[in-house]
Amino acid sequence: MTKHVQSAWGPPLAVWLPLVLGMPTSAWAQSGAPAVFTDGVGDAAARRTDPGADGLFDPVLHPPIDLHEVHLGTWAPLAPQDDLFAGSFSASGEFVRLDVVLEGVVNPPGIIDYDEFDPFYFGNRPVFGFVEVDMDGNVQTGGELNQPCYRYLANVARFGGKPARLDFQDRVALDASACTDGFGVPPFVKRHGEEFHLALLDEEVEDDSIEHVTGNSNHIFEAGETWNLEGRFFHRAHGYAPFSEAFGGGGAGEYMPDCTMQFRHDPAQNVTWVSLVFPLTNVGAGLSTACPPEPMDHDSSNQASVLEALTDLHDSADFLAMHNIHLPQQAIIDGWALQDPTAYLDPTQWKITVLLGNSYSQPDPSGYYLVWTDIYPNPLRGDVDGDNLSDALDRQQIQDYIALHDAEDGQVDGAAVVPDFGPNFSIFDIDQNGIIDATDVLLVSTPGDLDNDGDVDLRDYSNLLDCFSGSNVSYADANCTLADLNLDGDADVQDAGLLIGSLSGPAG
């Protein structure tokens, strides 16, 4: 499979590589190769959200969700009315295929509700979260107005920095207060830019919605099994709903069609593929039901497609403009009045963000159930200003923050305590332990320089061995934070591998 990886701050290779090769972009798209977005293997790290950040979470019994790749492309099923997932990527296809590749056996999510808490009903490693898709490449259109705190922009800083995407610079939450700020107050976390998202939630997953393609047909998803799930998993951005003419799915203005999502574990690679195949056009919708295509009618309860959903955005925005209706949050859809929906049907040109996690072992009465464990795109550790560097400017910002907030806990001790840590966080808390101090400053340096002498050598490796705890086992000594190079809460072979890769020898 040909890979072209989207940069965290620029367009995917499919945009500029054809120009380098002297080949038109359309010709590259016609090759049929999907876009492949690659995440670091072994970088999953628990980011707690409960008050006190001390909820029961067992990373051995319930290993963190670890994202490997996301694939996006135009798909041609061999027999769409029978099996959407058997086919090939092809520029002539009438469907989009979205694949999320996860490490190990990962099962569908169970119920996360205080009165009916059963997140591990389908297995001990449920995946929760969102894959957000920006189809028009415009962060001014689309987003989440009501619950932005469950999305990428509101949580990426928990993973050690700010992503270097230029269009996200004024949109990343530096702490949890951004989730409750007004629509027009920066950072604009509600203005993410997504048109659709794959929702990996418990609302739609029930026993009677599952087709056991392979396996023993019990309710536990196991190694080597394949399940097809029916439900409303592919949602158009909810921020559009108040201004849209759409109907037939969810509430007024929502576009939430029925669709099929597949969980498939590949024993040879020991990865789980979570896949969605959905019509790009109503021609595809007709093919999936062996019926003629229906006219686009804003109704997601009959033949539904990406084109129909985008056409509804254009028509709705055009209506608002013609009638001079001006509301502040309407800005989320206004740009679609000037867009041609047919220009955004090449999935290899779409941008994505991913936020994934799994569940605490028991419910929290405050309603915090999820532990975030992996994201895409990742920030550079310690890059608090989003310039794709972890350097002296970032260290200075952390030191300035400590100086400003040091006394707020009643002590002047060179440390700033993050208030309400768990639900709240701070981008300056690089190791995400609830305290911003000299360790966070030291983490903004050469990864692996455990003794802070300006190099990575065998003394640093010896220090790491002294801290070695093993995978998913917390190190006992708080001074071992610097040995946790991937900030996943332990010091293990993955950290040793990162340090070895950074060996430079003693400074001269």
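Just so it is clear, the structure is predicted and the values come from calculations on it, not from any experiment.
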Discussion item. Side chains of His219 and Asp207 only: does a donor on one sit below 3.5 Å from an acceptor on the other?
Written reply: no
Practice prompt. Evaluate side-chain contact (heavy atoms from CB on, under 4.5 Å) for Phe168 paired with His192, printing each intermediate quantity in order.
Written response: CA-CA 8 Å; Phe168 279 171; His192 179 279; 3.9 Å; yes
Worksheet item: Is the shortest side-chain N to carboxylate O distance from Lys162 to Asp383 below 4.0 Å?
Response: no
Worksheet item: How far apart are the closest heavy atoms of Phe233 and Cys259, and which atoms are they?
Response: N-SG, 3.6 Å
Worksheet item: Around atom CD of Glu211, are there more than 12 heavy atoms of other residues, nucleotides or ligands at under 6.0 Å?
Response: yes
Discussion item. I'd like to know if Arg264 pairs up with Glu225 as an ion pair, taking the criterion as any Lys NZ or Arg NE/NH1/NH2 lying under 4.0 Å from an Asp or Glu carboxylate oxygen.
Written reply: no
Worksheet entry | Pair Glu230, Thr260: side-chain N/O donor-acceptor within cut-off below 3.5 Å | yes
Worksheet, complete the sentence: Which of Phe221, Phe263, Trp273 passes ring-ring contact (aromatic ring centres under 6.0 Å, His included) with Trp227? It is Phe221
Practice prompt. Considering only NZ, NE, NH1 and NH2 on the basic side and carboxylate oxygens on the acidic side, decide whether Lys351 and Asp167 come within less than 4.0 Å.
Written response: yes
Worksheet item: Are Phe188 and Val139 side-chain neighbours, meaning at least one heavy-atom pair lies under 4.5 Å?
Response: no
Item to complete: Carefully, step by step, assess Leu356 and Phe128 under the rule side-chain contact (heavy atoms from CB on, under 4.5 Å).
Response: CA-CA 6 Å; Leu356 301 176; Phe128 295 87; over 6 Å; no
Discussion item. As a quick check of understanding, evaluate side-chain contact (heavy atoms from CB on, under 4.5 Å) for Val70 and Tyr376, giving each step before the final call.
Written reply: CA-CA 9 Å; Val70 177; Tyr376 177 87; 5.9 Å; no
Worksheet entry | Check: Ser244/Arg236 side-chain N/O donor and acceptor closer than 3.5 Å | yes
Item to complete: Output yes when a side-chain donor or acceptor of Ser426 lies under 3.5 Å from a complementary backbone atom of Phe428, and no otherwise.
Response: yes
Worksheet item: Quick one: is the NZ or CZ of Arg48 closer than 6.0 Å to the six-membered ring centre of Phe57, and within 45° of its axis?
Response: no
Discussion item. For Trp372 and Tyr150, take the angle between the two ring planes, folded into 0 to 90°, and tell me which bin it lands in: parallel under 30, tilted 30 to 60, perpendicular over 60.
Written reply: perpendicular
Discussion item. Quiz question: by atom type and distance under 3.5 Å, do the side chains of Glu195 and Tyr240 form a donor-acceptor pair?
Written reply: yes
Discussion item. Quick one, Tyr255 and Ser300 - any side-chain contact, counting heavy atoms below 4.5 Å?
Written reply: yes
Worksheet item: Does Arg47 count as lying over the ring of Phe425, i.e. NZ or CZ under 6.0 Å from the six-ring centre, within 45 degrees of the axis?
Response: no
Discussion item. If you define the side chain from C-beta out and look only at heavy atoms, does anything of Glu69 sit under 4.5 Å from Val36?
Written reply: yes
Discussion item. Can you see whether Asp136 engages Thr141 through a side-chain donor-acceptor pair at a distance of less than 3.5 angstrom?
Written reply: yes
Worksheet entry | Side chains of Asn282 and Ser305, donor plus acceptor under 3.5 Å | yes
Worksheet item: Going through the checks in order, is the side-chain contact (heavy atoms from CB on, under 4.5 Å) test met by Asp374 and Val354?
Response: CA-CA 8 Å; Asp374 209 355; Val354 184; over 6 Å; no
Donor-acceptor contacts, no H, no angles, side chain residues 100-108, under 3.5 Å, sequence neighbours left out:
unit_1: Glu103; atom_1: OE1; unit_2: Arg125; atom_2: NH1; d: 3.4
unit_1: Glu103; atom_1: OE1; unit_2: Arg125; atom_2: NH2; d: 2.8
unit_1: Asn107; atom_1: OD1; unit_2: Arg125; atom_2: N; d: 2.8
unit_1: Asn107; atom_1: ND2; unit_2: Gly123; atom_2: O; d: 3.4

Worksheet item: Do Glu132 and Tyr152 have side-chain N/O donor and acceptor atoms under 3.5 Å apart?
Response: no
Discussion item. Can a side-chain donor-acceptor contact be found between Ser359 and His62 if the only test is distance below 3.5 angstrom?
Written reply: no
Worksheet item: Which heavy-atom pair separates Ala285 from Pro279 by the least distance, and what is that distance?
Response: N-CB, 3.5 Å
Discussion item. Is it the case that the side chains of Asn270 and His265 hold a donor-acceptor pair, with the cut-off being a distance below 3.5 Å and no angle test?
Written reply: yes
Worksheet item: Hey, does Val444 have a side-chain heavy atom less than 4.5 Å from the side chain of Ile398?
Response: yes
